[in-house]
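Scroll down for the structure; my scribbles are underneath it.
Keep in mind that this is a model prediction, so the values were computed, not measured. Numbering starts at 1 and runs along the sequence shown.
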Amino acid sequence: MLKFSGSSVVAALLIVVVFGAFFFCEYLIYFPTILKCAWPKQSRARGGEGTDGRPTDSAVRAMVLSDTHLLGAVGGHWFDKLRREWQMERAFQTALWLLKPEIVFILGDIFDEGKWSSQQHWEDDVRRFHRMFRHSTDTELVVLVGNHDIGFHYEMDWFKLQRFEKVFNASSTRIVTKKGVNFLLVNSVALHGDGCPICQSVEKDLIKLSRDLNCSLQDGEETENCEGSQTYPPTAPIMLQHYPLYRVSDASCTGQDAAPPEERHLLFREKYDVLSKEASQRLLRWFKPRLILSGHTHSGCEVLHDNKYPEISVPSFSWRNRNNPSFILASVSPSGHSLSKCFLPEESTVIGVYCSAGACLLLLLLAHCLWMKRLLQLSLCLLGKHKSL
């Protein structure tokens, strides 16, 4: 019969506590958290749903996240990279496995230092991105450009923009169509309206896309202005971009992922925190989107522009920017859409688990030391009695 010493039992308990805490915090915690999420239901008039609660084939299952901010070589500490990038990788891979989206949108600021990184550092950042956000051929990944990817308006140039577009094999301003749904992708960094070359090019692309969409919405009616236009499904687009449309502040934003109360009343700066009033009105006038999805602020918010154009600001996906990251699940059909929010594990929860495990380790070690001390005292006492005999 096997006999275990007290030291062996304590060592075994220490190993169980350490590896148990590590496995839970680094792998297991993502499953019960994301299992709480579900694709939003739509009425049958707006696309319908199956008996299992998932949208039917007429609805696109789209996952939307934002502001991953992969750290670069200049300002990124190695442990910060390791910790936050592992969190995003495990969250993304778990979400793909459990939720199986058909298309994933990332609303810009993919990288933290794309605005100034050298070619060598850029290639390293891209390699890490593709490893973290790997996906099967059943899922399409669509990436939008943000100010940290190519620089703010005064920092961006053709080299940075084309470098970004080459990596993701697509123009930064375009329409992606899936199952009759038009997703309009906007390079919002270039919407300053000051006549810069990139701004002029993006505005030209947007005017053409607006013409094509408006002609498609005429339901086959031929007009002189629509000759040679590209045809899209006749539905209002869902507009995705990095910068939010103009709003004064986040004062009206609510919810657990809204900006902290002390920051909600801070006034936004046009062309820095949000688009300008003029650029925002132009986009709404040109496209009349049924929904706008944006990022940049790192916090959640719902805004209704002109009492008819809803905008959702998507919070950051990274622990580096907020304690409770989240992403959007959207069931979108040609005639309607439904949204739900999926929260990721909170970083404070993981820190709490590790602190609790550390406390357990200290208690086990303390108990073991006290037990060894008493055992030693007992041995010395028995040895003294034996000598006295």
Side-chain angles (χ1 to χ4, degrees), residues 25 29-40 62-70 83-85 87-92 94-96 98-99 101 104-110 112 133 144 146-148 188 238-268 273-275 291-305 309-332 337-352:
C25 290
I29 193 172
Y30 296 96
F31 286 89
T33 306
I34 296 178
L35 273 172
K36 298 176 184 177
C37 307
W39 292 103
M63 174 177 164
V64 185
L65 53 120
S66 185
D67 293 88
T68 52
H69 283 273
L70 272 69
R83 187 78 203 96
R84 274 55 186 271
E85 291 182 9
Q87 168 257 322
M88 288 191 287
E89 180 177 351
R90 292 317 316 151
F92 184 77
T94 304
L96 286 191
L98 293 177
L99 299 171
V104 177
F105 295 98
I106 306 181
L107 304 181
D109 277 3
I110 313 303
D112 197 56
F133 294 94
L144 282 76
N147 57 287
H148 275 266
S188 55
I238 290 180
M239 190 164 71
L240 303 102
Q241 58 191 41
H242 181 65
Y243 280 116
L245 296 182
Y246 175 79
R247 60 178 184 260
V248 175
S249 67
D250 272 350
S252 62
C253 304
T254 58
Q256 64 187 98
D257 60 352
E262 64 273 13
E263 297 179 8
R264 293 181 195 176
H265 294 275
L266 297 177
L267 299 182
F268 284 145
D273 299 309
V274 293
L275 289 180
L291 175 68
I292 303 108
L293 295 169
S294 61
H296 188 59
T297 64
H298 299 170
S299 300
C301 190
E302 296 184 20
V303 181
L304 188 63
H305 298 281
Y309 301 117
E311 178 181 8
I312 306 293
S313 289
V314 182
S316 174
F317 193 68
S318 173
W319 275 344
R320 191 169 189 265
N321 297 317
R322 59 182 307 109
N323 180 54
N324 59 338
S326 62
F327 58 90
I328 297 290
L329 293 176
S331 299
V332 189
H337 61 268
S338 296
L339 307 177
S340 66
K341 189 167 289 183
C342 183
F343 284 91
L344 301 179
E346 296 185 359
E347 186 176 30
S348 57
T349 300
V350 172
I351 293 174

Mind checking the [atom1]-[atom2] spacing from [X] to [Y]? Nearest 0.5 Å is all I need.
X: Tyr309; Y: Leu291; atom1: OH; atom2: CG; result: 13.0 Å
X: Ser316; Y: Asp257; atom1: OG; atom2: CG; result: 11.5 Å
X: Asp109; Y: Leu70; atom1: CG; atom2: CG; result: 11.0 Å
X: Glu302; Y: Thr254; atom1: CD; atom2: OG1; result: 7.0 Å
X: Leu144; Y: Ile110; atom1: CG; atom2: CD1; result: 8.0 Å
X: Gln87; Y: Cys25; atom1: CD; atom2: SG; result: 12.5 Å

Does the side chain to side chain contact (heavy atoms under 4.5 Å, CB included) test come out yes or no for Phe327 and Leu99, once each step is laid out? CA-CA 12 Å; Phe327 58 90; Leu99 299 171; 4.0 Å; yes

Over all heavy atoms of both residues, which pair between [X] and [Y] is shortest? Give the atoms and the distance, please.
X: Gly295; Y: Pro244; result: O-CG, 3.5 Å
X: Arg264; Y: Gly255; result: NH2-O, 4.1 Å
X: Met88; Y: Thr68; result: CE-O, 3.3 Å
X: Ala258; Y: Ser299; result: C-CB, 3.9 Å
X: Pro315; Y: Ser326; result: CG-OG, 3.4 Å

So do the side chains of [X] and [Y] get within less than 4.5 Å of each other, counting heavy atoms only?
X: Leu107; Y: Asp67; result: no
X: Ser249; Y: Leu266; result: no
X: Trp39; Y: Ser338; result: no
X: Leu344; Y: Trp319; result: no
X: Thr297; Y: Phe268; result: yes
X: Ser313; Y: Ser294; result: yes
X: Lys341; Y: Ile328; result: yes
X: Arg247; Y: Cys301; result: yes

So for atom CD, which belongs to Glu263, do other residues, nucleotides or ligands contribute more than 12 heavy atoms lying within a distance under 6.0 Å?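 Above 12, so yes.
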
Which residues pass the side chain to side chain donor-acceptor pair (under 3.5 Å) test with Asp273, sequence neighbours left out? Arg269

Would Leu98 and Tyr30 count as a side chain to side chain contact (heavy atoms under 4.5 Å, CB included) if you check the C-alpha gap in whole Å, the side-chain angles of each, and the deciding distance to 0.1 Å? CA-CA 10 Å; Leu98 293 177; Tyr30 296 96; over 6 Å; no

Partners passing ring pair (Phe, Tyr, Trp, His ring centres under 6.0 Å) against His305 (at least two apart in sequence or in another chain): none

What class does the angle between the rings of Phe133 and Phe317 fall in, given that below 30° is parallel, 30 to 60° is tilted and above 60° is perpendicular?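 Rings of Phe133 and Phe317: tilted, 30 to 60°.
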
With salt bridge (Lys or Arg N to Asp or Glu O under 4.0 Å) as the rule and sequence neighbours excluded, what pairs involving residues 311-325 come up?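 For residues 311-325, and leaving out neighbouring residues, the salt bridge (Lys or Arg N to Asp or Glu O under 4.0 Å) pairs sorted by first residue read Asp80-Arg320.
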
Is the closest basic N to carboxylate O distance between Glu347 and Arg84 below 4.0 Å?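 Salt bridge flag = yes for Arg84 with Glu347.
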
Does Thr94 use its side chain to pair, donor to acceptor, with the backbone of Phe31 at less than 3.5 Å? no

